[in-house]
Amino acid sequence: LSNAPTEVKELAQTFNMMLSRLSDAWEQQRQFVGNISHELRTPLTVVLGYLQSLLRRSNNLTDYQQEALETAASEADRTVRLLQDLLDLARADSGYAHYLLEPISLNDLVFEVAGMAEKFSSRLLQVQATKTVVAIVDRDRLRQVLINLIDNAVKYSEPNQPIDLILEGTDQQATIQVHDRGVGIPLQDQSRIFERFYRVDEARARSTGGHGLGLAIVKTLVEGMGGTISVRSKLGEGSVFVIGLPI
Ligand code: ADP
């Protein structure tokens with residue numbers, strides 16, 4: 001720009017200033033959402049704890065009292081989970097610089113997460129990994145990505161259906177597929193499910209209790225590590241989420 005006319009230089013300066021203000025505003029908003037979520041989550045967790053303990057300990061409740069406590073506990077539980085998701089999203093948005101990227105064996109991580117998920121969900125998790133694959137990732141964040149995807153696979157498929165985790169690697173990238181044999185996702189929704197608060201069918205989705213933030217967190221985390229995420233799915237047959245990671 002050193003030989004550009006003054007007007008062009010001024011325009012470039014204004015543009016840079018606007019960009020820096022925009023990124024400051026974005027950072028403030030991210031921190032605000034993170035702080036609010038944290039502040040609200042703590043007291044609400046206490047409320048939820050008392051409601052659950054009342055439900056457990058009281059054995060002479062009227063029908064009305066029982067229903068009121070159950071509804072209050074279930075709404076408090078949903079809101080605590082929403083706040084946790086917002087907190088996770090604010091953390092995931094913190095940018096590349098805050099990710100702890102290091103070469104790790106994906107085999108170890110995938111087997112570890114599968115074992116844990118199998119215990120918590122009582123589901124059969126089948127791992128397919130024919131060779132050792134090392135990728136440059138943030139271990140905790142990739143663990144969170146896999147847990148979120150497995151959690152969805154469990155939510156949107158029948159209890160007797162297994163879930164497959166397939167690990168592969170080429171010279172260019174590592175891939176992990178999370179494969180379920182569940183309800184599937186309509187074609188017209190497949191490009192939108194990674195948006196914040198997007199849910200395929202409110203009626204179907206509401207009963208599963210989420211807020212449409214899980215996949216937005218997954219996408220932000222995967223892209224924060226320099227990776228990609230995509231989905232292939234067929235209604236009534238199941239879905240495959242494919243994570244691509246740098247090696
Ligand atoms: P939530 O599950 O909390 O609604 P997500 O962001 O995790 O939010 O998912 C967004 C939507 O994508 C869900 O509402 C659901 O309709 C659809 N979805 C996600 N994973 C699956 C899956 N494995 N099988 C079928 N539908 C899915």
Side-chain angles (χ1 to χ4, degrees), residues 30 33-34 37 40-41 44 48 73-93 110 113-114 116-118 120-128 141-167 175-225 227-244:
R30 184 187 74 77
V33 172
S37 311
L40 292 176
R41 189 189 54 163
L44 201 60
L48 177 62
S74 130
E75 288 304 306
D77 181 49
R78 255 171 66 78
T79 313
V80 166
R81 278 187 284 128
L82 168 65
L83 293 169
Q84 182 61 50
D85 279 353
L86 285 171
L87 201 57
D88 287 345
L89 200 54
R91 285 189 185 138
D93 267 336
V110 167
V113 173
M116 208 168 65
E118 218 162 40
F120 282 106
S121 66
S122 320
R123 259 323 160 82
L124 179 62
L125 270 111
Q126 309 178 136
V127 179
Q128 292 175 39
R141 282 160 160 153
L142 182 57
R143 190 182 286 122
Q144 189 181 359
V145 164
L146 292 175
I147 291 172
N148 274 358
L149 292 177
I150 295 171
D151 193 42
N152 276 348
V154 169
K155 271 195 312 200
Y156 299 107
S157 67
E158 294 297 327
N160 60 345
Q161 295 291 358
I163 292 157
D164 295 334
L165 296 180
I166 304 161
L167 174 62
T175 58
I176 306 174
Q177 300 181 34
V178 180
H179 182 153
D180 69 60
R181 296 165 183 79
V183 293
I185 303 161
L187 194 60
Q188 72 269 22
D189 294 300
Q190 289 177 18
S191 59
R192 302 204 56 196
I193 51 172
F194 296 99
E195 291 172 18
R196 296 174 184 200
F197 294 107
Y198 190 83
R199 312 198 73 198
V200 171
D201 168 358
E202 260 316 305
R204 171 186 92 173
R206 184 160 170 100
S207 64
T208 59
H211 289 91
L213 282 175
L215 288 178
I217 295 171
V218 163
K219 186 174 161 69
T220 309
L221 287 172
V222 170
E223 289 179 353
M225 294 186 276
T228 56
I229 176 124
S230 60
V231 64
R232 291 196 308 270
S233 183
K234 219 164 176 196
L235 263 188
E237 287 185 16
S239 311
V240 186
F241 285 84
V242 186
I243 309 165

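For ligands, and for the atoms within them, numbers begin at 1 and follow the listed sequence.
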> Excluding sequence neighbours, so at least two apart, what forms salt bridge (charged side-chain N to carboxylate O under 4.0 Å, His left out) with Arg232?
Replying inline: none

> Within the side chain of Glu118, is there an N or O that forms a donor-acceptor pair under 3.5 Å with the backbone of Leu125?
Replying inline: yes

> Between Leu213 and ligand 1, which residue portion shows a heavy-atom distance shorter than 4.0 Å: side chain, backbone, both, or neither?
Replying inline: backbone

>> Under a 4.0 angstrom heavy-atom cut-off, which atoms of ligand 1 come close to Gly184?
In response: 25 (C)

> Counting heavy atoms only, which of Val183, Ile163, Leu215 comes nearest to atom 5 (P) of ligand 1?
Replying inline: Leu215

> Do the side chain of Arg123 and the main chain of Pro159 share a donor and acceptor less than 3.5 angstrom apart?
Replying inline: yes

> Which of the atoms in ligand 1, numbered in the order shown and given with their element, are less than 4.0 Å from a heavy-atom of Lys155?
Replying inline: 1 (P), 2 (O), 3 (O)

>> With rounding to the nearest 0.5 angstrom, report the CG to CZ distance, Asn148 to Phe241.
In response: 11.0 Å

>> I'd like to know if the side chain of Arg30 reaches the main chain of Ala90, judged simply by a donor and an acceptor atom lying under 3.5 Å from each other, with no hydrogens or angles considered.
In response: yes

> Roughly how far, to the nearest 0.5 Å, is CG of Leu146 from CD1 of Ile176?
Replying inline: 5.0 Å

>> I need the atoms of ligand 1 closer than 4.0 Å to a non-hydrogen atom of Ser239, numbered in the order shown.
In response: 24 (N)

> With only distance considered, is Asp201 within less than 3.5 Å of ligand 1 through an N or O on each side?
Replying inline: no

> Under the salt bridge (Lys or Arg N to Asp or Glu O under 4.0 Å) rule, what pairs show up with a residue in residues 175-189, not counting sequence neighbours?
Replying inline: Asp164-Arg181

> Does ligand 1 have an atom under 4.0 Å from some heavy atom of Gly182?
Replying inline: no

>> Does only the side chain of Phe241 get under 4.0 Å from ligand 1, or the backbone, or both, or neither? Count heavy atoms.
In response: side chain

>> Would Ala216 count as being in polar contact with ligand 1, using the rule that some N or O on each side must be under 3.5 angstrom apart?
In response: no

> Numbering the atoms of ligand 1 from 1, which are under 4.0 Å from a heavy atom of Gly210?
Replying inline: 3 (O)

>> Looking at Thr175 and Ile243, would you say the former's side chain and the latter's main chain have a donor-acceptor pair under 3.5 Å?
In response: no

>> Using a 4.0 Å cut-off to any heavy atom of Tyr198, which atoms of ligand 1 qualify?
In response: 10 (C), 11 (C)

> Just by distance, do the side chain of Glu237 and the backbone of Gly184 share a donor-acceptor pair under 3.5 Å?
Replying inline: no

> Which bit of His211 is near ligand 1, meaning a heavy atom under 4.0 Å away: side chain, backbone, both or neither?
Replying inline: backbone

> Which atoms of ligand 1 sit under 4.0 Å from any heavy atom of Gly214?
Replying inline: 5 (P), 6 (O), 7 (O)

